[in-house]
Number of protein chains: 2
Amino acid sequence: MTLEKGFEPHLAIGETTVTGRDIEMLRAIDRFGSMHEAANELGRSYPHLQRRVVELEEAIGQLTERVRGGEGGGGTQLTPDALGLIRQFERLRVELSGVTTVPESVISGTVTERSGELATVRTAAGEMTARVPTRAEDVEIAVRADAVVLIEPRSPAHDRTSIRNQIPGVVTGVAIDDAIATVTVEIDDGVMIESVVTEESVDRLGITEGTDVVAAFKTTAARAITADP
Amino acid sequence: MTLEKGFEPHLAIGETTVTGRDIEMLRAIDRFGSMHEAANELGRSYPHLQRRVVELEEAIGQLTERVRGGEGGGGTQLTPDALGLIRQFERLRVELSGVTTVPESVISGTVTERSGELATVRTAAGEMTARVPTRAEDVEIAVRADAVVLIEPRSPAHDRTSIRNQIPGVVTGVAIDDAIATVTVEIDDGVMIESVVTEESVDRLGITEGTDVVAAFKTTAARAITADP
DNA sequence: CGGCGTTGTATCGACATAGATACACCGTCG
DNA sequence: CGACGGTGTATCTATGTCGATACAACGCCG
């Protein structure tokens, strides 16, 4: 039984929310220069589509230049704001899909010290700092693999960065697919951290199975959730 | 006009998808030990709620122990699988909400070279590498602020890490809230990158307005979308 | 000046969703 | 043995969504 992670993005302003359907609609309007043809293409009714455009504009501001009559009967062009809206939505979708496609490492531990939203967590692989939104004792720290940096050991001056969690380990696996490598680092017996890096970085740092590396990640990229409820 | 980023998470298996409403329902059943009281609490009709439980179980497997008659008239208890499902859903929600709560930086540029899913992008602030899923020419690179590392300039050996994008800039703003700082770095005239770091890092690196820093992020954490729809 | 293909608007009907109601079934408890 | 409070199920109805239809308004074009 494997459940597939999914999501539906939206952008909200006041009562109205811009959905994927709206973006699809705006893109069709842009493609055809006509709400009528857009409605046809999408298999939607023109009256509702037109109504929706007005509704969005009432909430967000001008999104279209609609002309009635004239050459070709008229038409509808998107404003730069509308194009920006489409891009913003697409960025949101891409970033969210990053969550569902990038692997995540989970490390359990217990909170030893708190400071605001941050906390120090004692784990099998040593102490780490993470964001701990809820008041919790036993936690699981989750780190996205694309937030994990691999550092060559014995290279100096790594307190000169904002990366506070730097955990030495040994590479136990390297899987390369289409110029992107997923590197598994064992930071304690049976405790793994995954990192996705470019194939170029793997080559440059000479990473293969058995290599000593430091797996590093920012405190703000590590999120803890309570382990129990 | 600021649009608030949002999303609706779900878990899919075959035709049926588990929504936030389903999770809310399961949690209410767990709280009361009774589907009837759960329906009351949520203001939902018992028949549909009961039907939905059966539907979910047909897709996922046993989620409840439902007994009819007996002490207190019977009742419904969640199985460990159901509790695991709730946790899985909650974790997905937390991961996704990371995207909507952390600021993103957007940098436009044009693709100059491709290698698999990766590409080199020329921007006003120099060349960067990013994930570019679609075949695109003009792109926008989006980077999450919690993936941006701040590095002290003139510190050596930063080719000894898997961070390929290292862009010098000047700090133009530091906003501290609850031990977490949002640092704005100007990497070119009017082009900003935001980074969220701990207050501790801000102090340690001596970051204030006007400080020279290097804003760095991994290629795999930078995602590009087409600028033209 | 009429035709054409748009935008704008009112209205109807099909359909899905979800609450409301009613009732059979079940097993313990007083 | 009947009351009680739960599960299981059929059915009706209110509601909202969305496509379908119809028609007015508009302005270029032949």
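We name chains A, B, ... by the order of the sequence lines, and we start the count at 1 in each one.
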Okay, side chain of T17(B), backbone of A12(B): is any donor-acceptor separation there less than 3.5 Å?
->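 Absent.
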Of the non-hydrogen atoms in D178(A) and G116(B), which two are nearest, and what is the gap between them?
->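 D178(A) and G116(B) have their closest heavy atoms at OD1-CA, 3.1 Å.
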Proximity to DNA chain D (any heavy atom under 4.0 Å), residues of residues 34-50 of chain B only |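 DNA chain D contact set from residues 34-50 of chain B: S34(B), M35(B), H36(B), E37(B), Y46(B), P47(B), Q50(B).
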When you measure from every atom of DNA chain D, which of residues 21-30 of chain B have a heavy atom less than 4.0 Å away?
->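 When residues 21-30 of chain B is checked for heavy atoms under 4.0 Å from DNA chain D, there are no hits whatsoever.
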Salt bridge (Lys or Arg N to Asp or Glu O under 4.0 Å), paired with D146(A), selected from R144(B), R223(B), K218(B) |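 When salt bridge (Lys or Arg N to Asp or Glu O under 4.0 Å) is applied between D146(A) and each of R144(B), R223(B), K218(B), only R223(B) qualifies.
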Partner residues of H10(B) under the ring-ring contact (aromatic ring centres under 6.0 Å, His included) criterion, sequence neighbours left out |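 Here no residue qualifies.
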Along DNA chain C, first and last positions that approach a heavy atom of chain B under 4.0 Å =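 Nucleotide range with atoms under 4.0 Å of chain B: dA18(C) to dT28(C).
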Short heteroatom pairs, N/O only, protein and nucleotides 1-4 of chain D, under 3.5 Å:
none

What is the distance from [atom1] of [X] to [atom2] of [N], rounded to the nearest Å?
X: R52(B); N: dG8(D); atom1: CZ; atom2: C1'; answer: 18 Å
X: R51(A); N: dA20(D); atom1: CZ; atom2: C1'; answer: 18 Å
X: E71(A); N: dC28(D); atom1: CD; atom2: C1'; answer: 8 Å
X: R66(B); N: dT9(D); atom1: CZ; atom2: C1'; answer: 13 Å
X: E65(B); N: dT7(D); atom1: CD; atom2: P; answer: 13 Å

Sorted by first residue and then second, give each salt bridge (charged side-chain N to carboxylate O under 4.0 Å, His left out) pair with at least one member in residues 185-194 of chain A; sequence neighbours left out.
->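 Residue pairs with at least one partner in residues 185-194 of chain A: there are none.
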Provide the full list of salt bridge (charged side-chain N to carboxylate O under 4.0 Å, His left out) pairs with a residue in residues 63-78 of chain B, sequence neighbours left out, each pair given once.
->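 Counting only pairs at least two positions apart or across chains, the salt bridge (charged side-chain N to carboxylate O under 4.0 Å, His left out) contacts touching residues 63-78 of chain B are E57(B)-R66(B).
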Indicate whether any N or O donor in one side chain lies under 3.5 Å from an N or O acceptor in the other, for T198(B) and S201(B).
->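 There is such a pair (donor and acceptor under 3.5 Å, judged by atom type) between the side chains of T198(B) and S201(B).
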Any residue meeting salt bridge (Lys or Arg N to Asp or Glu O under 4.0 Å) with [X], in chain and number order, not counting sequence neighbours:
X: E117(A); answer: R131(A)
X: D22(B); answer: R52(B)
X: R27(A); answer: E90(A)

All pairs passing side chain to side chain donor-acceptor pair (under 3.5 Å) where residues 103-115 of chain A contributes a residue, at least two apart =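 For residues 103-115 of chain A: none.
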So does E4(B) have more than 12 non-hydrogen atoms from other groups sitting under 6.0 Å from CD?
->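 Not buried by this count: 12 neighbours or fewer within 6.0 Å.
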Which part of the nucleic acid, if any, lies within contact of V67(B), taking any heavy atom under 4.0 Å across all strands shown: a base, the sugar-phosphate backbone alone, or nothing?
->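 The residue V67(B) makes sugar-phosphate contact but no base contact.
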Side-chain donor-acceptor contacts of residues 34-42 of chain A below 3.5 Å, not counting sequence neighbours, with atom names and distances?
unit_1	atom_1	unit_2	atom_2	d
S34(A)	OG	H36(A)	N	3.2
S34(A)	OG	E37(A)	N	3.0

